[in-house]
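The next block holds one structure in the form of structure tokens; read it before the comments.
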There are 4 protein chains.
Amino acid sequence: MAVAAVPSSRRARSNPRRRADEIIEAAAQVFAERGFHGATTQDIADVLGIRQASLYYYFPSKEVALEHVCARGAEGFLEAAAVIAAGPESVTEKLRRLIIAHLSPLLDRPDFVRVFHNERKHLPLASRRRIGKTVRAYERVIEEVLKAGIRNGEFRADLDPRLVTFGILGMVKSVAGWFDKEAGAKIERIVEEFFRLLVEGIAAGGGGRRPTRQGG
Amino acid sequence: MAVAAVPSSRRARSNPRRRADEIIEAAAQVFAERGFHGATTQDIADVLGIRQASLYYYFPSKEVALEHVCARGAEGFLEAAAVIAAGPESVTEKLRRLIIAHLSPLLDRPDFVRVFHNERKHLPLASRRRIGKTVRAYERVIEEVLKAGIRNGEFRADLDPRLVTFGILGMVKSVAGWFDKEAGAKIERIVEEFFRLLVEGIAAGGGGRRPTRQGG
Amino acid sequence: MAVAAVPSSRRARSNPRRRADEIIEAAAQVFAERGFHGATTQDIADVLGIRQASLYYYFPSKEVALEHVCARGAEGFLEAAAVIAAGPESVTEKLRRLIIAHLSPLLDRPDFVRVFHNERKHLPLASRRRIGKTVRAYERVIEEVLKAGIRNGEFRADLDPRLVTFGILGMVKSVAGWFDKEAGAKIERIVEEFFRLLVEGIAAGGGGRRPTRQGG
Amino acid sequence: MAVAAVPSSRRARSNPRRRADEIIEAAAQVFAERGFHGATTQDIADVLGIRQASLYYYFPSKEVALEHVCARGAEGFLEAAAVIAAGPESVTEKLRRLIIAHLSPLLDRPDFVRVFHNERKHLPLASRRRIGKTVRAYERVIEEVLKAGIRNGEFRADLDPRLVTFGILGMVKSVAGWFDKEAGAKIERIVEEFFRLLVEGIAAGGGGRRPTRQGG
DNA sequence: CATGAATGAGCATTCATTCAT
DNA sequence: GATGAATGAATGCTCATTCAT
């Protein structure tokens with residue numbers, strides 16, 4: 001699952017496709033670390049050990065590099081979620097799978113996902129709009145799962161599906177910010193923890209206990 | 001907590017202290033919108049209707065402006081949380097209050113909070129370290145509340161306090177990203193929804209129910 | 001003939017209006033010498049003894065500088081020609097005046113005129129179109145004078161007004177290319193020579209003589 | 001004089017000499033359209049449908065390409081003019097033939113001629129000097145014809161041969177600038193019109209009428 | 001207080017050119 | 001013959017910052 005770790009390829013025979021991907025990968029890394037506007041094309045070139053001008057053999061502008069990075073960062077999210085939503089499982093199980101699907105990409109392309117989350121606002125208008133539509137479609141998929149759960153009684157009837165969608169995504173998205181630091185924490189543990197937190201809540205023991213304003 | 005409603009102040013005789021605050025406020029607005037490196041001092045000057053060079057009468061560098069913005073964005077978080085944590089209420093109620101305390105600043109200085117969250121990584125090393133310590137202290141306060149809840153039986157015994165802390169903060173922090181769009185949604189509704197989500201979970205009926213891998 | 005228009009200037013500091021004009025003047029000089037694309041902004045700065053970046057305080061792009069230069073290079077041509085065309089003189093005299101009017105600007109702003117002639121094709125589409133209209137209007141003014149001359153019998157009846165217009169303009173325009181080298185040659189001499197060449201032709205004796213294909 | 005009708009030659013086995021000529025032809029086209037410094041080697045390659053690097057198989061530098069283009073643009077002018085000047089015809093007829101000789105190359109290699117006229121100033125010093133000598137020799141040939149005409153009484157005695165040479169060349173050269181637009185206008189018409197304009201002048205009817213300053 | 005003018009440092013981008021294949 | 005890959009050297013332009021007034 002880990003990236004094949006293609007050596008920076010000094011030898012004559014590197015696949016050109018691979019080379020272009022390496023460039024974008026370096027861009028992802030640098031954009032993730034310093035932000036789009038905080039990163040220079042020189043930084044990207046330094047990662048690759050090539051001259052700055054050489055970058056432009058592979059992509060025509062820094063902005064286009066960002067588009068590529070964001071595209072790969074967003075890749076598959078909507079499709080995976082749609083497949084899960086269309087499945088036969090209980091909504092509770094679907095929720096678990098959605099969390100897994102949301103977090104998995106962080107394992108093999110964390111920088112891409114981070115850049116997609118944090119730097120997509122710097123995309124040129126056209127691609128920003130396009131990607132915005134995908135994001136909203138993604139949110140809608142989750143919202144629909146929540147609604148289905150409410151309808152079939154698996155989830156609380158008084159849930160605000162939209163707000164809860166944002167809450168779930170916020171919680172899960174935050175993982176991108178600290179996943180490196182906590183690299184030891186297996187992603188499965190995180191998934192399980194968040195899944196139970198979302199389904200059962202924090203409260204201990206017996207059932208329908210309503211937390212009261214004044215508490216115990 | 002109420003918005004100070006400082007009129008954009010075109011008057012000649014405004015308190016110099018106030019004027020300096022206006023500058024920082026404009027910086028916060030622009031940094032929030034375009035990011036630190038994506039924003040220019042010209043952008044800030046434009047918001048204020050003054051010349052770019054005039055900014056330097058009030059702060060010595062763009063970086064220092066970011067420090068001011070982040071400082072005000074982080075202001076009070078730790079103290080407020082510490083006060084809540086030290087209070088006599090149940091940990092469940094403390095959790096509710098912590099959420100309120102976390103979200104309130106968004107009401108009167110949303111740009112500052114956003115910049116603090118998203119741009120603090122561009123701070124010079126010294127202040128980044130300082131602010132990092134505060135953040136970790138803040139996280140620890142919450143973690144301790146969770147641990148206390150586990151100890152006294154209010155919270156599930158198998159909770160990972162650190163992971164759940166991150167989850168809660170992630171969920172709550174995400175509000176900063178969409179609060180504008182959902183301006184209609186009263187902050188109280190959001191607090192209530194997230195509070196219940198965290199305490200009770202999403203599942204209907206008895207909280208004790210263990211969600212199973214294969215679900216319904 | 002030089003533009004006076006010196007409004008109240010400040011102290012030792014030169015009038016900002018003047019300064020901006022100086023920049024454009026340097027640009028004209030450099031564009032005339034090396035062509036638009038052959039000239040660098042550094043070249044312009046060198047002429048002025050300032051740093052290259054300082055140019056951008058006065059104009060936003062090299063292209064805009066070219067627009068200014070061309071604008072001043074084209075300035076007044078159409079108006080002057082229209083005034084002459086509308087005058088009471090004979091068309092023959094009008095022709096003489098048109099030649100004078102065409103050449104005079106070379107005396108006080110030769111570089112501007114040259115750049116207008118040779119580099120206008122490098123203008124951005126919008127201003128190129130605008131200036132193209134002016135040029136065609138200018139040509140039409142001359143063409144109309146020729147037609148009037150044909151109608152009233154001052155000029156040969158079998159003249160092709162359009163072709164002759166181009167011929168006249170071509171002849172007169174060529175002066176821009178060698179005026180420097182021949183600086184000794186007074187402009188009045190050139191005007192007179194070209195005027196007579198155009199009106200009487202080269203042939204000695206009776207103008208009515210038809211040159212024959214086999215000549216002599 | 002007829003266009004060689006070189007098919008754009010996609011075939012692999014074209015004569016290498018021919019191929020090199022095609023490269024230069026493409027260069028001429030692009031230099032004519034955008035100017036030497038405004039044209040890129042990529043532009044030239046695009047015209048040919050080959051890669052940019054491939055150009056360097058045929059010529060060692062862009063500057064050398066310009067030398068070739070200018071050389072072909074200037075080719076034959078001096079020789080043709082010298083032959084005409086040495087002929088037995090009347091100077092009037094010689095003038096007509098000189099005009100024809102000057103304009104003919106525009107028919108089969110207009111881009112070369114244009115580049116020679118407009119871009120020769122960007123040639124490296126050595127070839128610029130060489131070509132400058134040819135040009136001056138060419139001008140001298142014409143000047144001598146004029147002088148001969150003055151001496152033998154065919155031309156007006158008060159003509160300034162040098163100035164009139166420039167005037168004639170300017171008028172005739174200008175054709176290069178608008179020949180495309182007026183492609184309908186047969187070159188013969190232009191020659192005839194300019195020839196009569198130069199010999200007889202614009203004025204109608206009876207002979208030695210001196211145009212007066214105040215005219216009709 | 002504020003600004004006009006200027007600039008140093010840097011940045012994205014271009015482009016002619018090289019060279020191994 | 002031709003090209004893919006790469007690069008050195010600009011080039012136009014931006015921007016935070018300075019400073020005399």
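Every heavy atom of this structure was used, including side-chain atoms; hydrogens, water molecules and symmetry mates were not. Not measured: the values here are computed from a predicted model. The sequence lines fix the lettering, A, B, ..., with proteins before strands; numbering per chain opens at 1.
Not counting sequence neighbours, the partners of S127(C) by the side-chain hydrogen bond (donor to acceptor under 3.5 Å, both in side chains) test are E67(C).
Looking at which nucleotide of DNA chain E each of P60(A) and Q52(B) is closest to, the 5′-most match is held by Q52(B). Of the two residues contacting DNA chain E, namely Y57(B) and A53(B), the nearest-nucleotide position lying further toward the 5' end is that of Y57(B).
For DNA chain F, if you chain together Watson-Crick or G-U pairs that step i with j, i+1 with j-1 and so on, the runs of at least three with distances under 3.5 Å are E:2-21 with F:2-21.
Counting only residues at least two apart or on different chains, no salt bridge (charged side-chain N to carboxylate O under 4.0 Å, His left out) pair has a member in residues 46-59 of chain B. Here salt bridge (charged side-chain N to carboxylate O under 4.0 Å, His left out) pairs that include residues 109-122 of chain D, with residues two or more places apart or in two chains, are D111(D)-R114(D), R114(D)-D180(D).
Checking the phosphate oxygens (OP1, OP2) of dT3(F), a side-chain nitrogen or oxygen of S54(D) falls inside 4.0 Å. Between Y56(A) and dT13(E) there is a side-chain N or O to OP1 or OP2 distance below 4.0 Å.
With a 4.5 Å cut-off on side-chain heavy atoms, L55(D) and I23(D) count as touching.
Of the residues in residues 30-43 of chain C, those lying under 4.0 Å from DNA chain F by heavy-atom distance are A39(C), T40(C), T41(C). Taken residue by residue, residues 116-125 of chain C places no heavy atom nearer than 4.0 Å to DNA chain F.
Separating the CG atom of L55(A) from the C1' atom of dC15(E) is a distance of 16 Å, rounded to the nearest angstrom. Remark: P of dC15(F) and NZ of K62(B) are 9 Å apart, rounded to the nearest angstrom. One can place CZ of R51(D) at 18 Å from P of dC15(E), the figure rounded to the nearest angstrom. Here the C1' atom of nucleotide dT7(E) and the CD1 atom of I23(C) are 13 Å apart, to the nearest Å.
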Only pairs under 3.5 Å count here: list side-chain donor-acceptor contacts from residues 31-41 of chain B, not counting sequence neighbours, and write none if there are none.
residue: R34(B); atom: NE; partner: D43(B); partner atom: OD2; Å: 3.1
residue: T40(B); atom: OG1; partner: Q42(B); partner atom: N; Å: 3.3
residue: T40(B); atom: OG1; partner: D43(B); partner atom: N; Å: 3.0
residue: T40(B); atom: OG1; partner: D43(B); partner atom: OD1; Å: 3.4
residue: T40(B); atom: OG1; partner: D43(B); partner atom: OD2; Å: 3.2
residue: T41(B); atom: OG1; partner: Q52(B); partner atom: NE2; Å: 2.9

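I50(C) comes within 4.0 angstrom of sugar-phosphate atoms only, judged by non-hydrogen atoms across all strands, and of no base.
Within 6.0 Å of NE2 in H117(B) there are more than 12 heavy atoms belonging to other residues, nucleotides or ligands.
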